[in-house]
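If you read the sequence from its start, that first residue is 1, and numbering goes on from there. In each ligand, atom 1 is the first atom listed, and ligand 1 is the first ligand listed.
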Amino acid sequence: MVDPAPSKEDINYMLRAAVTAPDHGWLRPWRFIVIEGDARNKLSDLFVESLKKRNPEATAEQLEKEGSRPKLAPLVIVVCSVMTDEKPGVPKNERVLSAGAAAQNIMLAAHERNYGAIWLTGNAAYDPNVKSGLGLEENMDIIGFLYVGSVERDVKERKRPDPEDFTIYWK
Ligand SMILES: Cc1cc2nc3c(=O)[nH]c(=O)nc-3n(C[C@H](O)[C@H](O)[C@H](O)COP(=O)(O)O)c2cc1C
């Protein structure tokens with residue numbers, strides 16, 4: 001994905017969509033880290049440094065690939081879930097699902113504004129060094145790195161499965 005990047009107003013639109021995610025107990029179990037422009041270089045350095053720690057044997061090619069990830073698009077939104085002690089009756093699973101719904105809302109809002117968007121994790125999402133480098137607290141997890149930007153060409157819609165194959169009409 002390429003420039004033009006989503007404007008401030010586009011980003012706010014996506015984040016406003018995110019916070020309409022279904023949320024059991026109104027726990028707001030999501031956080032968003034917006035990384036644009038040059039800040040992506042810092043993310044790139046963090047990815048490379050973390051891969052070196054994870055795998056001291058990583059080749060120059062692997063490090064280069066890892067460092068290039070944040071340049072996939074002009075905007076990266078890191079979506080995190082948060083597990084607090086509040087309302088212990090709401091299980092972690094439901095909080096993570098809410099954060100996932102927030103992420104999907106961002107994707108839909110981006111597409112609605114004609115941007116391309118892709119949701120990726122990779123090993124970086126589960127790496128404690130990446131998490132601390134981004135300022136996450138112990139009770140937070142990375143749900144995904146959402147890469148958003150303009151698309152240069154028409155992207156062909158993939159062939160999708162028939163939903164009937166995954167559905168029963170229970171009577
Ligand atoms: C939580 C989550 C994490 C994902 N992580 C990756 C990833 O690290 N690498 C990858 O190639 N696709 C990943 N995907 C899949 C892509 O987002 C996307 O669905 C896939 O490229 C297929 O494209 P489509 O959704 O347009 O069919 C992930 C999807 C989800 C929901």
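Partners of Pro74 by side chain to side chain contact (heavy atoms under 4.5 Å, CB included), not counting sequence neighbours, listed by chain and number: Met1, Asp3, Ala5. Taking Phe145 as the reference, Phe47 meet the ring pair (Phe, Tyr, Trp, His ring centres under 6.0 Å) condition, with sequence neighbours excluded. The salt bridge (Lys or Arg N to Asp or Glu O under 4.0 Å) search around Arg160 returns Glu157, not counting sequence neighbours.
The shortest distance between side-chain heavy atoms of Ser81 and Pro29 does not fall below 4.5 Å.
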List, pair by pair, the atoms of ligand 1 and of the protein that are both N or O and lie under 3.5 Å apart, giving the separation rounded to 0.1 Å.
from, atom 1, to, atom 2, distance (Å)
ligand 1, 5 (N), Thr121, N, 3.1
ligand 1, 5 (N), Thr121, OG1, 3.1
ligand 1, 8 (O), Thr121, N, 3.2
ligand 1, 8 (O), Gly122, N, 3.0
ligand 1, 14 (N), Trp119, O, 3.3
ligand 1, 17 (O), Trp119, O, 2.5
ligand 1, 23 (O), Arg158, NE, 3.3
ligand 1, 23 (O), Arg158, NH2, 3.1
ligand 1, 26 (O), Arg158, NE, 3.4
ligand 1, 26 (O), Arg160, NH2, 3.2
ligand 1, 27 (O), Arg158, NE, 2.9
ligand 1, 27 (O), Arg160, NH1, 2.6
ligand 1, 27 (O), Arg160, NH2, 3.4

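Put simply, Val19 and Met140 are part of two different groups of oily side chains (I, L, V, M, F, W, Y) that touch within less than 4.5 Å, one to the next.
Side chain of Ser150 to backbone of Pro4: a donor-acceptor contact under 3.5 angstrom is found.
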